[in-house]
Engineer: 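Starting off with a structure, shown below.
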Amino acid sequence: MKQGQMETPCYVIHKAVLDQQVALLKKALDDNWSNYIVGYSFKTNGLPWVLMQMKTAGFYAEVVSEDEYNLARYMGFSHVIYNGPVKSRESFLDALTRGHMVNLDAEQELDWLEESDLRDVQVGLRVNFDLEAICRGETSSGEEGGRFGFSYETGALHRAAKRLEEMGVKLSGLHLHVSSRTRSIKIYRALARMAVRLKQEYGWNLSYIDIGGGYFGGMENKPEFPAYMEAVREELSAGYTPEETTLVVEPGTSLITPPVEYLTAVVDCKDTYAGRFVVTNGSRSDIDPLHGKSSYFHKVGYALADPHGSYRIQETALGAWEEQAGPAADREIQSRQVICGHTCMENDRLFVMEGEPALRPGDVIAYRKVGGYTMCLTPLFIRYFPPVYVEEAGQLTCVREKWSTEEYVRKSHFRDAF
Ligand SMILES: *Cc1c(COP(=O)(O)O)cnc(C)c1O
């Protein structure tokens with residue numbers, strides 16, 4: 001690991017904030033369903049340093065592809081939850097052989113299982129049901145319906161369970177992960193209620209109920225882990241007890257979104273007929289790769305002196321800027337400043353500042369709560385991956401160096417052809 005100065009643009013992970021989220025989740029589970037397993041969703045942010053933190057916290061790896069499965073093994077996770085509709089046969093059988101928890105999501109997986117001689121394994125079925133009917137306008141797929149899991153309504157779920165029974169494999173659990181637009185408590189009540197209903201209807205004796213991920217975490221005026229877990233306990237208690245059934249949760253964004261900031265620096269300010277553009281060295285691609293957000297949590301750090309100098313964490317740590325924003329007082333007020341990224345896309349614009357002190361080269365703009373679905377989705381567009389630092393007690397450590405030409409060309413074959 002490298003210690004010391006930081007370069008922008010970069011991500012900064014505030015370790016204390018991450019620890020706080022992990023502790024809050026554990027306490028919420030301890031208080032409500034002491035028999036639990038947390039599977040950290042690799043796809044949300046699979047940065048190796050983050051994965052090691054989650055492993056250290058005692059969490060399982062929650063993976064949804066062969067690549068992620070291999071990464072979990074590489075990172076030394078001894079417990080894996082293998083989900084997703086497209087698993088490779090080899091990794092599927094490997095996971096079962098090693099006793100990992102595998103939630104089936106395709107007919108093909110039942111075939112693979114049947115063809116193998118594996119019988120004493122831990123398998124669950126992912127449940128597909130009409131959640132939209134219960135939580136109108138809340139699911140990501142809406143009226144179109146979701147494609148994951150075996151359908152309750154068509155009988156596919158029951159048939160899958162029957163197939164397992166016929167081949168002599170115990171159905172260990174149900175997987176109910178659903179992504180929603182609202183991340184509301186009501187969604188989780190509905191999922192838990194569905195788990196109870198399935199048990200009552202089919203008489204299944206389940207050793208785990210996996211309620212999935214998709215929670216809010218660390219967002220103002222939004223629910224937190226205790227409220228979700230309390231609701232899940234209330235509903236689940238109608239059919240299950242912690243003595244007999246393990247509650248599995250698979251958080252991603254609620255753990256890793258709050259601790260991460262993205263720091264960028266102002267490079268140029270230019271006036272055109274249309275107004276003032278402030279060009280920064282960051283990009284919308286790094287904090288909003290799907291270009292789906294309409295606003296970003298951000299804060300502005302007006303440079304004190306040495307505008308082109310590098311910033312030390314003491315100047316950029318959460319909250320420290322507010323006290324240091326003094327120099328802005330003697331800057332002229334600009335009626336409108338459009339903050340833009342470095343790429344050559346016109347839509348690489350981040351936000352507009354109105355009636356604020358004029359920005360200058362060397363000022364810093366930080367975007368907060370950007371740890372989920374950012375680093376893992378940023379493209380290698382125009383510039384390579386930025387560095388990532390961890391801030392702990394004011395000390396900075398580099399946990400991923402900026403990608404260079406070397407990493408970019410690594411797996412390419414081109415020399416022999418010329
Ligand atoms: C994406 C995903 C998660 C995590 O979702 P978050 O919104 O990041 O909490 C959990 N389980 C499964 C099966 C997923 O696909």
Side-chain angles (χ1 to χ4, degrees), residues 18 21-22 24-25 28-29 36-47 50-51 53-54 57 59-69 71-72 77 79-87 92 95 100-106 109 123-129 131 138-141 146-150 173-185 187-188 191-192 195 208-219 222-225 227-229 232 247-260 288-290 292-293 369-377:
L18 176 58
Q21 288 308 106
V22 166
L24 188 65
L25 174 62
L29 286 160
Y36 67 85
I37 286 170
V38 178
Y40 172 67
S41 162
F42 270 37
K43 75 168 190 288
T44 308
N45 185 328
L47 186 80
V50 170
L51 300 182
Q53 290 301 306
M54 300 302 180
F59 296 169
Y60 287 26
E62 190 276 319
V63 303
V64 289
S65 70
E66 179 177 32
D67 289 346
E68 286 189 347
Y69 178 73
L71 179 60
F77 277 82
H79 300 287
V80 179
I81 304 171
Y82 198 0
N83 292 326
V86 184
K87 306 175 181 82
F92 172 81
H100 296 314
M101 204 177 256
V102 180
N103 290 314
L104 312 184
D105 196 342
E109 295 171 0
V123 293
L125 290 173
R126 183 155 179 182
V127 181
N128 181 307
F129 75 105
L131 178 62
E138 293 199 43
T139 65
S140 298
S141 47
R147 72 176 181 283
F148 302 109
F150 295 89
L174 295 176
H175 182 214
L176 292 129
H177 173 79
V178 175
S179 62
S180 70
R181 280 193 245 272
T182 55
R183 303 179 183 274
S184 73
I185 302 279
I187 293 273
Y188 297 90
L191 297 181
Y208 71 85
I209 295 299
D210 185 340
I211 213 92
Y215 317 97
F216 274 121
M219 296 291 167
K222 301 292 183 193
E224 298 284 349
F225 292 129
Y228 288 112
M229 298 314 152
V232 167
L247 173 64
V248 181
V249 295
E250 304 172 339
T253 202
S254 47
L255 291 172
I256 199 59
T257 291
V260 182
D288 185 15
L290 303 178
K293 297 179 191 167
K369 304 184 186 185
V370 296
Y373 304 103
T374 49
M375 295 180 202
C376 56
L377 283 166

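When a ligand or atom number is given, it counts from 1 through the structure's own listing order. Each residue takes its place number in the sequence, starting with 1. Values below: every heavy atom of this structure, side chains too, minus hydrogens, waters and symmetry copies.
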Engineer: Could I get the full list of side-chain hydrogen bond (donor to acceptor under 3.5 Å, both in side chains) partners for Tyr215, not counting sequence neighbours?
Structural biologist: none
Engineer: Hey, which atoms in ligand 1 end up nearer than 4.0 Å to a heavy atom of Gly214?
Structural biologist: 5 (O), 6 (P), 7 (O), 9 (O)
Engineer: Please work out which of Lys43, Glu62, Arg126 has its closest non-hydrogen atom nearest to atom 14 (C) of ligand 1.
Structural biologist: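 The nearest heavy atom belongs to Lys43.
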Engineer: Within the 4.0 Å heavy-atom shell around Tyr373, which atoms of ligand 1 are there?
Structural biologist: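 Checking each atom against Tyr373, I get 1 (C), 4 (C), 5 (O), 6 (P), 7 (O), 8 (O).
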Engineer: Looking at Tyr82, I'd like to know if the NZ or CZ of Lys87 sits under 6.0 Å from its six-membered ring centre while staying within 45 degrees of the ring's axis.
Structural biologist: yes
Engineer: Look only at interatomic distance and state if Gly252 has a nitrogen or oxygen under 3.5 Å from any nitrogen or oxygen of ligand 1.
Structural biologist: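 Among all N and O atoms of Gly252, at least one is under 3.5 Å from an N or O of ligand 1.
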Engineer: Go through ligand 1 atom by atom and flag the ones less than 4.0 Å from a non-hydrogen atom of His175.
Structural biologist: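 Listed by number with element, the hits are 13 (C).
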Engineer: Distance under 4.0 Å to a non-hydrogen atom of Glu250: what atoms of ligand 1 satisfy this?
Structural biologist: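 Numbered from 1, ligand 1 contributes 3 (C), 4 (C), 10 (C), 11 (N), 12 (C), 13 (C).
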Engineer: Do other residues, nucleotides or ligands put more than 12 heavy atoms under 6.0 Å from Lys293 NZ?
Structural biologist: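 Yes - once you tally the heavy atoms of other residues, nucleotides and ligands closer than 6.0 Å, there are more than 12.
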Engineer: Can the ring centres of Tyr40 and Phe77 be said to be less than 6.0 Å apart?
Structural biologist: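 Between Phe77 and Tyr40, which both carry aromatic rings, the centre distance is not below 6.0 Å.
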Engineer: With no hydrogens and no angle check, is any side-chain donor or acceptor of Tyr60 less than 3.5 Å from a backbone partner on His100?
Structural biologist: no
Engineer: Is a donor on one side and an acceptor on the other found under 3.5 Å between the side chain of Thr257 and the backbone of Gly372?
Structural biologist: yes
Engineer: For Ser65, check side-chain hydrogen bond (donor to acceptor under 3.5 Å, both in side chains) against everything at least two apart and list the hits.
Structural biologist: none
Engineer: Please determine if Ser254 has a nitrogen or oxygen closer than 3.5 Å to a nitrogen or oxygen of ligand 1.
Structural biologist: no
Engineer: Report, in ascending order of atom number, the atoms of ligand 1 lying under 4.0 Å from any heavy atom of Thr44.
Structural biologist: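 That gives atoms 8 (O) of ligand 1.
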Engineer: Heavy-atom contacts with Arg183 under 4.0 Å: which atoms of ligand 1 show up? List them by number with element.
Structural biologist: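 Numbered from 1, ligand 1 contributes 7 (O).
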